[in-house]
Engineer: 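Take this structure, written in C-alpha cells, and hold onto it; I'll ask about it next.
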Amino acid sequence: VVIGEDDWFFFTGEPSIPDYQNTALLKPGKLARLQKNLDRLNRDLKEKGITLLVIIPPNKSTIYSQNMPEQIPVIGAQSRLDQFLEYMKLNGNTHILDLRPALIEASQSQAVYYKTDTHWNDIGAYYGYVETMSALTADYPVLAPHPISDFKYTHTGNSVHDLPLLMGLPNYTEEDWLLLPNFEIQLSEEKNALRGGYFIRTVTNSDKQLPSLLVFGDSFYGTFGRFIEPHFSRVK
C-alpha cells in the first residue's frame, strides 16, 4: 500500500502499479487468445438466447490518478485495458463494458471509491450499475436502472477497510455511507458450500417474470450486486 495525496490509500500488490504506469502491456498472442475465447463463448451463448456482457471495474488509481504519489508517474501512453478494448473493437464481437468514463465523470463531484479501500463505494457501484443495466436494456427492456432518487444516502458508522488492515492499522477507520432503496425488495438467499471455503450463492426474487442472471465476479461484485440483483428473478 502507498499513501497518496489527501491521504488516499492505493494498493500496490499484484500488477497494479505496472498497470497504472502502463508498463505491462499484453502481447499480440494474448490479445488474440482473449478475443477468440470470448467470441466463442459469446457465440455459443447467443445460440441459446443468452446475452454475454463483460464488465471491467477500474482500479482506483485509474479513476483517482491525481491522488497517486508523484513518485509513481504514468509512463506509457496506453494501458492493458486500452489495448484490449481497441483490439476487441477491431476484431471481436463480444460486448465489453468500459466503466472508466462514467466513474471519472462522477468522481468530479463525489467520491466513487473509498479512500482506504481497494474497492468502489456505493456511489461508484451505483454508477457502474447504471451503465450495466443501460447496456442490457437493448435485449431486456425491463432492466432499466433505478434513478438515484430511489435511494437514500445513509451514514452507517465507521469501519476499518482492507488497505489499513494490509498495513497493520486495525484502528484506522473511514465513514461508511450506503445507498439504501426507498422501494420494496423481496429477495431470498441460499448458499451452497464448496471445497476450499468457497460457495455458490443463489438469490431468488418473488417476481418470476424477470430474466435470470449468472455472474462470474470478483470482490467488486459485493456492493455492485445489491443494485443488480433486485432486477432478476434468479441470480447465481
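Side-chain atoms are counted along with the backbone in the values below, which use heavy atoms only and exclude waters and symmetry mates.
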Engineer: Tabulate below the donor-acceptor pairs under 3.5 Å that side-chain atoms of residues 61-76 make, not counting sequence neighbours, or state none.
Structural biologist:
{"from": "Y64", "atom 1": "OH", "to": "V112", "atom 2": "N", "distance (Å)": "3.0"}
{"from": "N67", "atom 1": "ND2", "to": "E5", "atom 2": "O", "distance (Å)": "3.4"}

Engineer: I'd like to check Y87 versus Q83 (side-chain heavy atoms, cut-off strictly below 4.5 Å). Are they in contact?
Structural biologist: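 A side-chain contact under 4.5 Å is absent here.
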Engineer: Please answer whether the main-chain N or O of I104 pairs with a side-chain N or O of Q108 as donor and acceptor at a distance below 3.5 Å.
Structural biologist: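 Such a contact is found between Q108 side chain and I104 backbone.
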Engineer: Can you name the nearest heavy-atom pair linking I200 to K236, along with the distance?
Structural biologist: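 In this case the closest contact between I200 and K236 is CG2-CE, 3.6 Å.
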Engineer: For residues H119 and Y113, establish whether the separation of their ring centroids is below 6.0 Å.
Structural biologist: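 Distance test on ring centres: not under 6.0 Å, no.
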Engineer: Indicate, with yes or no, if Y221 and I185 share a hydrophobic cluster defined by side-chain heavy-atom contacts under 4.5 Å among Ile, Leu, Val, Met, Phe, Trp and Tyr.
Structural biologist: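 Yes; tracing contacts between hydrophobic side chains, which count when under 4.5 Å, links both residues.
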Engineer: Would you say V203 ends up clustered with L180 if hydrophobic residues are merged whenever their side chains have heavy atoms under 4.5 Å apart, either directly or through other cluster members?
Structural biologist: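 Different clusters: L180 never reaches V203 through Ile, Leu, Val, Met, Phe, Trp or Tyr contacts under 4.5 Å.
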Engineer: Measuring from atom CZ of F227 to atom NE2 of H146, what distance do you get when rounded to the nearest 0.5 angstrom?
Structural biologist: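 Answer for the CZ-NE2 pair, F227 versus H146, is 10.5 Å.
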Engineer: Going hydrophobic residue to hydrophobic residue with side-chain gaps under 4.5 angstrom, can you get from V215 over to L53?
Structural biologist: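 Yes, one cluster joins them.
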Engineer: Hey, what do you get for CZ (R40) to CG (L45), rounding to the nearest 0.5 Å?
Structural biologist: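 So the gap between those two atoms works out to 12.5 Å.
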Engineer: Taking the inter-plane angle between the rings of Y126 and F151 on a 0 to 90° scale, is it parallel (under 30°), tilted (30 to 60°) or perpendicular (over 60°)?
Structural biologist: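 Ring orientation, 0 to 90° scale: perpendicular.
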Engineer: Mind checking whether L165 and L163 sit in one hydrophobic cluster, side chains of I, L, V, M, F, W, Y counted as touching below 4.5 Å?
Structural biologist: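 No, separate clusters.
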Engineer: Return the minimal non-hydrogen interatomic distance between M133 and I228, and the atom names on each side.
Structural biologist: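 Residues M133 and I228, closest heavy atoms: SD-CD1, 3.6 Å.
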Engineer: Dump the intermediate steps for side-chain hydrogen bond (donor to acceptor under 3.5 Å, both in side chains) on E190 and T202, then the final yes or no.
Structural biologist: CA-CA 5 Å; E190 177 184 335; T202 304; 5.8 Å; no
Engineer: If we only count heavy atoms from C-beta on, is the F11 to L166 side-chain gap below 4.5 Å?
Structural biologist: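 Yes; the side chains approach each other to less than 4.5 Å.
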Engineer: CZ/R234 to CD/E229 distance, rounded to the nearest 0.5 angstrom?
Structural biologist: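 Atom-to-atom, R234:CZ and E229:CD are 12.5 Å apart.
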Engineer: Would a line drawn from the ring center of W120 to the ring center of Y114 be shorter than 6.0 Å?
Structural biologist: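 No, they do not, as the ring centres are separated by 6.0 Å or more.
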Engineer: List the steps, then state whether side-chain hydrogen bond (donor to acceptor under 3.5 Å, both in side chains) holds for D176 with T156.
Structural biologist: CA-CA 6 Å; D176 292 318; T156 58; 4.9 Å; no
Engineer: Please say yes or no: joined through hydrophobic side-chain contacts below 4.5 Å, possibly via intermediate residues, are W8 and V1 part of one cluster?
Structural biologist: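 They do not share one cluster, since no chain of ILVMFWY contacts under 4.5 Å joins W8 to V1.
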Engineer: Of all heavy-atom pairs between P57 and L99, which one has the smallest distance, and what is that distance?
Structural biologist: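 The answer is CA-CD1, 4.3 Å.
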Engineer: Rounded to the nearest 0.5 Å, what's the gap from CE on M88 to CD on Q35? Could you check?
Structural biologist: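 Atom-to-atom, M88:CE and Q35:CD are 6.0 Å apart.
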Engineer: Take R226 and D122, measure what salt bridge (charged side-chain N to carboxylate O under 4.0 Å, His left out) needs, and give me the verdict at the end.
Structural biologist: CA-CA 9 Å; R226 289 194 293 105; D122 265 38; 2.5 Å; yes
Engineer: For the residue pair F232 and L136, what are the closest heavy atoms and their distance?
Structural biologist: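 Heavy atoms only, the tightest pair is CZ-CD1, 4.4 Å.
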Engineer: So, are R100 and D82 salt-bridged, with charged N and O less than 4.0 Å apart?
Structural biologist: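 Yes.
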Engineer: Nearest heavy-atom pair of P164 and T116: which atoms, and what distance?
Structural biologist: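 P164 and T116 have their closest heavy atoms at CD-O, 3.0 Å.
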Engineer: Quick one: CD on E175 to CG on N158, what's the gap to the nearest 0.5 Å?
Structural biologist: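 If we round to the nearest 0.5 Å, E175:CD and N158:CG are 5.5 Å apart.
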Engineer: When rounded to the nearest 0.5 angstrom, what is the spacing between CD1 in I17 and OG1 in T23?
Structural biologist: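 Going from CD1 on I17 over to OG1 on T23, the span is 9.5 Å.
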Engineer: Scan for ring-ring contact (aromatic ring centres under 6.0 Å, His included) pairs involving residues 28-60, sequence neighbours excluded, and state none if there are none.
Structural biologist: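 ring-ring contact (aromatic ring centres under 6.0 Å, His included) check on residues 28-60 returns no pairs.
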Engineer: Would you check, one step at a time, whether the test salt bridge (charged side-chain N to carboxylate O under 4.0 Å, His left out) holds for D7 with K115?
Structural biologist: CA-CA 7 Å; D7 293 332; K115 291 181 71 172; 5.4 Å; no
Engineer: For L52 versus T94, what's the shortest heavy-atom pair and its separation?
Structural biologist: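 Closest pair (atom of L52, atom of T94, distance): CD2-CG2, 3.8 Å.
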